[in-house]
Each structure stands twice: as C-alpha cells, then as structure tokens.
Amino acid sequence: MSRFEPVEDQYEPHDLEDEVFEYWDAVDAYEQTKQHRADGETYFFVDGPPYTSGSAHMGTTWNKTLKDCYIRYLRMQGYDVTDRPGYDMHGLPIETKVEEKLGFENKKDIEEFGEQNFIDECKQFAEEQLDGLQEDFKSFGVWMDWDDPYKTVRPEYMEAAWWGFEKVHERGLVEQGKRSINQCPRCETAIANNEVEYHQVGKPSIYVKFPLAERDGSLVIWTTTPWTIVANTFVAVDGDLDYVGVDATKDGETERLYVAKACVEDVLKTGRYEDYEVVEELGGEEMVGWTYDHPLAEQVPDHAQAEGSGQVYTADYVEADRTGLVHSAPGHGEEDFERGQELDLEIFCPVGNDGVYTDAAGEYAGEFVRDANDEIIGDLDAGGHLLSSEQGHSVREGQCWRCDTDIVRLVTDQWFITVTDIKDELLDNIEDSEWFPQSARDNRFRDFVADSPDWNVSRQRYWGIPIPIWTPDDEWSGEMADAIVVGTREELAERVDQDIDPETVDLHKGTVDDLTITEDGTTYTRVGDVFDVWLDSSVATWGTLDFPEHDERFDELWPADLIIEAHDQTRGWFWSQLGMGTAALGEVPYDQVLMHGWALDSDGRKMSKSIGNIVEPGEAIERHGRDPMRLFLLSQTPQEDDMKFSWEEMAEMQRRLNILWNVFRFPLPYMRMDEFDPADVDLEDAETELVDEWVLSRLQSVEETMTEHFADFEQDKALDELLSFVVEDVSRFYVQVVRERMWDEGDSASKEAAYATLYRVLEETVALIAPFAPFVAEEIYGNLTGEAGHDTVHMCDWPEPDEFWHDPDLEGEVEVARAVEEAGSNARQQAERSLRWPITRVVVAADDDETAAAVESQRALLTERLNARDLELIEPGESWGELSYAAEADMSLLGPEFGDDAGRVMNAMNEASVDEPTVETLEAAVEDTLGEAVDLTEEMVEFVTQTPDDVTGVAFDVDGDELGVVYIDAGLTEDIESEGYAREVIRRVQEMRKDLDLDLEERIRVDLDIDDDRVADLVRDHEALIADEVRADEFGPVEDGHRKEWEVEGVEMEIAVEAVAAAEASD
RNA sequence: GGGCCAAUAGCUCAGUCAGGUUGAGCGCUCGGCUGAUAACCGGGAGGUCUCCGGUUCAAAUCCGGAUUGGCCCA
C-alpha cells in the first residue's frame, strides 16, 4: 500500500469493513499479531462459553465486543493473551430442540430411537448452532482463536470435568442423597430452581378433614395439590399459635374440628356450617404427638405408616393462614422434606420420574398425578373427609423452561457436591478475586454464596457429560468409599473390563454406559446420570488449557487473570467456577472479574420475542456498520449497569468516526503533493509552533488518561476521552488553526512541522482507537504508514505519553485562550460583526495572574482567531473604565450566616448594580432594596462587570470557573471597512470559482462592479490582497465569464470571473 | 415475598461518596462560516432532578417509604 492515497470523501463503513476483512485475510493479520506478542508476558483470559442455541443477540454482542476490546488493548500493552473462545454445547435446551425436530414426546421415544443416535443428533445440532454463532462473532470484528475453540462436548474437555469432579470426590465432597427437586415430568429430569419459570394457573382448593385416631374429631388442612395427599406423612402446626377445637353443626349433625383460633370463622364459613361452639383452646405445642388416620388409607394401602408417621409435629413453615394446619409430604415438598429429615421420618414418594403414580400409590397407580386430582377429591368426599372443594384457585405454578410442562416436586436420588461443607473456604476465596465493580462482589455475590445450598450436579438425561461414578452391581452401601470415581480417560482405559483406546474413546453416555469395572470380585456399573451443564462450564479455566491431557500450560497460566460476563452470572458462571475451583483445587479460579449488565431496549425493557423489541446485531451492522456499533457498545459503562439500546447514539458514533475520517483525509492532498515523508522529519527538532506543541501535549495527556481508565476497566471513559480529543481538539481547533500553513505553496519549515505534527497525532490516534474500532483504525493506519508500518495497526504498541511533549501548563494556557476565543466569538455575534471583518481591538480583563499570563502567551493566537488588530490586557486588580458591577452571591456562605433570610439577601444582591466592585457599595445597595442593613464579606460576593452600550463583553470560564471578561470593540474605521469589504469580495469570488469547478491552481480574471463609489474605493485599496487570495492575474472586463449579482451589507455589487486560460483560448 | 442495581433536558449520560442557585454531547431552533463542506463556529429554547415524607438555614445529593424498570433469590 502506498502512502497518502486519495480516499473516499465520506466515511463509508460497509465498503471499508469489507476491504479490511479482505486485507486481514491477505496478510494474516490476526496470526501475525499473536505471533508478534508470543514472547510477551502471558495473560490468561478465559472466555465464558455462550450456549449454542439461537444466534448472537445484542447482549452477546456487547459481551464479545468488550472481550475483544480488552484483548486487543492487552496485546498492545505487550501481553501474550490467551484468547481461546469456548462454547457450551451440552444440556437440556438442545435435547428439547432435537426432540422437537424429531417429533418426540417423551423419553420413551428417545429410548426407541437409541441413546447413541440421539446423542449424535444433539452433537450435530450443537455444531450447527456453533457455526452460526461463530460467524456472527467473526463478523463483529472479534479477534479470538476461531480455528480452535474449546467445546464442552470434546473428550479432552469432558475429561477436564471428570478430573475436577474426581478431585472434589477426593476431598470427600461428593455424595448421593435424596432431595426434593423440581421435576419436569416430560423431560423426566430434575430442573434447577432458576430454570423454573412461573405462570398463573387455576388449581383445586380443598379443605380436608384428617380423622384423629385417639380422640374424637378431625384436623382440618388446606391444600391446592390433592395428589400429594396420597403421600401425606404428617401434619404440621405452629407451636406458638393458638388452636381451638370447635363443635360445628351442619344439617343437624355436629362434629369436632381442630383449626387455628384465628381461622375458625373462615373455615366454618367455607364448610357452610350453620353453627359452632368453641369447646377447647390449646397451644400448637400441646397437639404435637396427636395421631390421625390417613384419609386415603383405603385407596393407598401402602401409605406412609412407618414409625412416627401420621402424627402432628411443629414446623416453622406454618402460618395462621387458611386452617393453620399444614398437610406435609416429605416425599414431595422441599420444606416438608427438610422437616421430615429433621424428624427422621420416612420419605414416601409414590410417583415416578414421569409424574405417574407407582404401585405404591395403590388404586391410583399408573395415573398421571395431576389427572388424579378429581378422583382423589371424589374419594375424599366419599370417605367423608372433604370439608370443602373449589376449582380454579389461581396460584403461581412452576413450569419447565424448555418445554413449558408444569413441574412436580418429587424427592429423588441425586448426586451432590456438598459445598455447604466448605462454606467458610468459599467465602474466604471470594476475597482473593478482584471485581469491577467491587461492590457486586461484596454484596450480591457474597450473599449468594453465603446462602447457597449443596450443588445438585445430576440430571437424568442423555446429552451431557456422564457422571464418572461406578457403583457395585449388588447392593451399594451408599458410602462413596464403596464407589469408584474415574478422573481421566487413561484411568478409564486401565480400569474398565472392556478394551478401549484412551486416545479415541468418546466419553458420552452411549459409550461409557456399557463399560464396567471389576475389582476384588465385584463388578461396578456407571450410574446413569449426566452432569448439570453448569458443571461443564465450571471447569473452563483448565478446560481451556486442555488440562489434564496437557499440563505445561496449566502450570504456567492457571488461574485466569480475567473473566468478563454479565451480572446474571453471579449465580451462574462466577459462582459455579468458585464452587468447583474451591472444591477441586482450594482456590478461586479467576483473579479479576469484569461484571457488565444486560442489553435492554430503548425503553429500558428486556429485549424479548414476545414483546417484539429485539434489535438484531445484523441490523445494526447493516444500518451503521461494525465500528459504529462497537463504539456504541463500548461507550456504555461495562460495570454492572444495564445498557439502553439507542439508534441515535449509534448514529452519533458514526458521525464521530466521520469527523475522524475528515481529519485524516484533510492533509492527504497536501502531503501527497509535497511528497512528505515522516521519516525525514524529526519532530523534536522541527519548527513546531505553539499550537503544534499544544496538540502534541494534549495527545500525551489523552494517552495517560486512557491508560488509567483501562486499568480501572472503564473503557467507556477512555473512549470518551479519545473521541472528545479527536472532535474538540484536533478537528475543531487544531485543524482549523493549521489549515493556512498547509495551503502554503513552496517549502516551508512551518508547514513541514505541521505535517509532522498532524501525522504523529493521527498515527497515535488510530492506535488508540484500534481496540474500539478495529476496521477504520486499520484503514487509516495503512494509508498513513504504507510500507513503513506494521502489517496491521493491531501490532502497534499502546502509545505511551512522551514527557518531551507533555506540557500541562501549555494545555492550561490554550484552554484559557480557547475560552477567551469562544467568549469573543459570542461577543462578536452580539455586536453583529462577522469574523470576516477585523476589529480594532479586543480587551481581555483577567481575574487572576495565571489567566493574564495565559492570554499574554497566546496573544498571537487570539488576535488571529478573533481577527483583531490589537489585544489589550487588563491585569487582575485593575479595572477598565466605563464599567459598572453586579454581584453574585455565594450561597454556601450566605446560608449559614443569614438562615431563613438567605434567599432574600441573595435576591437583593443579584438585583444590585454598583459603580465599583466593593463590599461597602454593595451593602448600601442591598440595604436600599431590603430596607435593613446587612453585613456582607468579600467571600460571600463575586462581582461581575456590566458593559457600556458601545462595547460588547462576555465572561469566559474554564470548567465553570469564571476567569475574566472579553470585550469586543466593534467600532469601524476606514481601514477596517476596506479590509472587511475586500474579504466579502474574496469569499464571493471563491464561491464563484467553485461554481466554475476550477482547479485549485487555475488563474483567473476578475471584473468588479460596485454600486457604491466609497465602497468601490475601499475595496480597491485591497486589490493586491484579493488577487493573492483568489489567484487572480488581473482585474478587468470579463466577456463570457461567470457573472453574478451580490448584496453585501446593503451594497449592490456585480462580480464576473473567468479562467485566464479559457479567456486566452477564446482570443 | 427478599437481596442488589437503576431512575436528572426529546435521546444517551455526568453530577450523588465529602448537601450550597443542575451540566455535557446529540437532537431541535436561530444565526455565522465556506480551498475538510453530508464538515466547521456561535447564540437560544428545553429539567416539579420518578413520587411522598423526614433531617437541615439549605436536599438531585443524606435518611425512611412508594412507583417503575433490570438481574438474582424464594
């Protein structure tokens, strides 16, 4: 690529990005960049694996873009960064999608299809989804190792999970146990709590009388799940609550009912009793130990009847609601189960994994539980146990997140990692990681870890990593000491009875379920379950490194230096990694966490299919391009706050990039014409002017600040700093000032210094923007550096501030000067004197020495920018004649001094106008207004000047600190009018040159016909200036030229222009 | 139901920790500039700081409560 080639007039993201993609391919940009840092210090970044279903949405895009930005930045800082992407490919979501595709309804269909066939289908589906995602990520310009992602379905990764699990087992933290779980009866597997979704459903609401065994009367309970009464084991009361026995009468018959005292009226009304009498009052504690007969004893002969069943116990989940007595089935509900365990009661669960009653349910065997509700209600009624029954009671019901089937609570055998045994260690290990923001770690995360129960890692499914536990075929004791846990493929090959090759063996269920182990005469078979997918990703830090298959890199790199995910991962990946890392290795597997938010729609609502407010990244790219989309995403804070999507802001980013593009293309024609070569100029020795030195100093400051922001994981602020430098400092100021020097024909040291300065600024700016907008950075870098630079901007070092150029004092001075200029422009406008017309003088009243010094040192710049003949500086303490003064109050001092009157005093001060800026004169003015004397001090007051009519004055400030006032003297003189009119003519001739589409170098002849003799004379005085500016060879009659009538400040003039060459040709 | 986070101009956000007459960019509008020109410069309008209470001479800011939205947990 040769240098300073002409470029598009307009920043065109799409064409540019397509070209850059091709260019990257052509020069192997990604590989070269990695190679370039191969000897650098290692940095172990770990990608949180997205789940391979669906395509990349805005949240995923934000996440990957953040990762890409930090990886690119770290590479520029010299690190050899691990950038292996990962994909989470196992699990129920994929199984259900494949089931749908194959038209399956339940597990039996899968069994018929064949486990291995089903697993193959899942694998193929997951791979297809992965390809789609990967294409999306590449198209965002994310540079990761796409040729070699880690996949949770590969044997070496599955082995990493086995290895970790075996370590956990060695620490004695694995156990089989019964737990009350959410079961999806269709998927026939446990569902994690957070995988349960809720919706409102109508359910039965029944009051049931449990007949007491050793005394008259019944306990009254209420439930919305009649089918769980089959498994009733005890009734719970609140030990501290008051209960009553009432004799209730209906249809002439009286019966004794026991309910909470507070519930009597409601229960009896519900049961349509006509009358009642309280005959007993007793505390809940007194009822403990009462026995009752199971209301469905006849239909369920094998109902819970072991020692302790069928009795009343206390439980803390009881409230004085409904009846104050709670039917409890430890075989179903979670609280019931836990209380049952405490009481050492039997766990009776007559329901299979498919939600169908087993033989233990007697007459109901073979029926789906919820379908049996009506029959059970009928049986209760027939047995005289039903006090009341209603349908359609609205409650929140959990359903399976994948297939929407209503869940049932069951107690089943599950495998656990008993993280509650190492809770203190987990909490300690939290301290070893640094979070951004840290408050998320100390509040949200810590609370979650403190409350976390044991981790149920088993799922009764197919598409997952098989749990590597083998138990004896004959009766297993339940002790882990009597089970075998396998940690690696090699160990598997050594121990199993069958002949397998550890290099090639697939570890999925279809293969390993057939493998048996025989040791000491006992044969062991693998337990059927697979791991919860959260266990898969929990081992990502070593899975990324293909450990334990290879251990060198693990020894060198582990634990991870950085992970970046959204806040939902506090209970997800941040937690699962902490749990697994601590249980297996005693350490948290990551050092730093950057926790970002979610991508919401423009109203701050979640993007969802049902609302129809999803913005696809593809659409954003189509509308604005990749770099603008990335800039928008990266301009959002990456720490905890959710992002509100905004098309406007994305469009704004495109505009900002267009400004960068304009800044870049502006000097190209001049540099090209002059054959500028940056290598020939040593900027430090070049004849730089103050403004060059200023912009170079600003560049150093920007670099310093950006680096600090990156260190704090605030890339949004770094980007903001850079863009405002490009827009405010370079485009709106430096380029404006430096233009005239570039127009210089012939060689000039000043022009060369300007070239070299702008070149340096651009070269480093594109390096600074490279992590954010990699495409446009590449394009500009390539054009600027040609063969002299790296093959890609992404190989550049991160620009470090150069002390030689860093001059904060100069920056401060120019900041003041720019404030003066801005105020001066404002004053000019108020005086209705356009910039083309010179003014005789500008007067700057500086409030302090520093400001005065700044104005003095930037005198040349200011007079030029304000087009003033002279600049007069009023030193601090001095005042300019003909000014009066107004006062502004400092409320922080007025408040404490005057209390309730502070507001009135302030108003009086604001209204005052005095001849001299002293407290005494002000006090007098305030007294006039208020009618009472007040004591003011210097500190309470700030005086501002008021200008006479013939002069316009505007105060100037830097960041809100007022520093002084600029006065524009707009009085006219002949000399000024002469130049003013001349410049009006110049501007119009220039426009006409443009109308004619003349070449920059083209010489012209100009004919001026001005209606006003005085003005015509004034203009003639500046004929030389006009000729020079518009490249006119002569003034005189123009025959066939471009002719136009103008009105300038009320004066009619006719101007004609023709090219000299054209005129000669026609002669 | 509980925990954490957010709410400030039409839009995106700063200001909240250390209370003192609310700021920026964009958009809108009026004007200027015109060899970067779909660029650039200046002016202006636009806010009950979500609401209700409290503390204080003074609250966007501190405290309590509510509403709405987000994540997580039950």
Side-chain angles (χ1 to χ4, degrees), chain A residues 9-11 193-194 196 198 334-335 396 437 439-440 442-448 451-452 566-572 575 595 597-606 632 635-637 639-653 655-656 658-659 661-670 716-717 720 723-724 727-728 731-733 735-736 739-740 742-743 821-830 832-836 865 888-903 906-907 910 954 959-960 987-988 990-991 993-994 998-1000 1029-1031:
Chain A
D9 282 357
Q10 191 76 15
Y11 165 58
N193 279 331
N194 63 305
V196 176
Y198 292 91
E334 187 168 23
E335 292 174 314
R396 238 160 56 106
S439 58
D442 294 336
N443 299 327
R444 235 176 135 133
F445 192 54
R446 172 166 281 278
D447 290 349
F448 180 79
D451 292 341
S452 58
H567 49 38
D568 56 324
Q569 298 301 334
T570 37
R571 68 128 287 114
W575 153 243
M595 187 188 89
W598 271 34
L600 308 179
D601 77 1
S602 52
D603 296 328
R605 283 167 198 275
K606 178 159 55 171
F632 167 71
S635 71
Q636 306 288 320
T637 175
Q639 297 194 23
E640 191 161 24
D641 284 357
D642 291 332
M643 169 249 285
K644 273 208 266 180
F645 185 84
S646 164
W647 285 116
E648 286 179 40
E649 292 301 309
M650 200 176 291
E652 169 61 15
M653 287 302 165
R655 280 193 287 274
R656 300 268 186 97
N658 190 39
I659 291 172
W661 187 257
N662 275 317
V663 169
F664 148 67
R665 76 188 179 91
F666 151 71
L668 295 180
Y670 310 107
D716 55 319
K717 291 184 178 165
D720 206 41
L723 291 178
S724 85
V727 175
E728 306 285 336
S731 172
R732 291 184 183 169
F733 196 74
V735 168
Q736 300 300 323
R739 274 153 74 180
E740 288 200 45
M742 300 231 173
W743 300 336
E821 185 201 335
E822 188 180 319
S825 302
N826 188 346
R828 255 180 175 280
Q829 185 156 339
Q830 283 182 30
E832 295 185 322
R833 181 68 16 119
S834 88
L835 196 58
R836 266 200 298 274
R865 299 281 288 168
E888 283 188 5
D890 183 345
M891 281 308 284
S892 66
L893 295 169
L894 242 57
E897 181 67 29
F898 295 105
D900 284 337
D901 289 331
M906 176 189 77
N907 287 333
N910 287 350
V954 172
D959 295 335
R987 132 109 182 85
R988 282 163 179 81
Q990 295 290 23
E991 189 170 324
R993 283 186 64 110
K994 204 167 207 181
L998 293 182
D999 190 85
L1000 219 70
E1029 291 282 329
V1030 305
R1031 295 175 202 252

By side chain to side chain contact (heavy atoms under 4.5 Å, CB included), which residues pair with A:Val727, not counting sequence neighbours? A:Arg656, A:Ile659, A:Arg732
Strictly by Watson-Crick or wobble contacts shorter than 3.5 Å, is anything paired with B:rC33, and which nucleotide is it? none
For A:Glu649, give me all partners under side chain to side chain contact (heavy atoms under 4.5 Å, CB included), at least two apart in sequence or on another chain. A:Phe632, A:Ser646
Is there a Watson-Crick or G-U wobble partner for B:rG25 with both distances under 3.5 Å, and if so, which one is it? B:rC11
Look through every strand shown and name the nucleotide pairing with B:rG1 as Watson-Crick or G-U wobble, where both distances are under 3.5 Å. B:rC73
Toward the 5' end of RNA chain B, by each residue's nearest nucleotide, A:Gln990 or A:Asn658: A:Gln990
Restricting both atoms to N or O, compile the protein contacts to nucleotides 6-12 of chain B shorter than 3.5 Å, with distance only.
unit_1, atom_1, unit_2, atom_2, d
B:rU12, OP1, A:Ser602, O, 3.4
B:rU12, OP1, A:Lys644, NZ, 3.4
B:rU12, O4', A:Glu649, OE2, 3.4

Hey, does the side-chain of A:Arg571 have a donor or acceptor N/O within less than 3.5 Å of a partner on the base of B:rC71? no
Can you find a side chain N or O atom of A:Arg739 that sits less than 4.0 Å from OP1 or OP2 on B:rA36? yes
Under 3.5 Å for both donor-acceptor distances, Watson-Crick or wobble: does B:rU68 have a partner, and if so which one? B:rA6
Salt bridge (charged side-chain N to carboxylate O under 4.0 Å, His left out) for A:Glu652 and A:Arg655? Distances and angles first, verdict last. CA-CA 5 Å; A:Glu652 169 61 15; A:Arg655 280 193 287 274; 3.2 Å; yes
Does B:rA58 pair with anything, Watson-Crick or G-U wobble, both distances under 3.5 Å, and if so, with which nucleotide? none
So what's B:rA18 paired with, Watson-Crick or G-U wobble, going by both distances under 3.5 Å? none
Whether A:Arg836 contacts B:rC33 is assessed here as follows: a side-chain N or O lying under 4.0 Å from the phosphate OP1 or OP2. Is that the case? yes
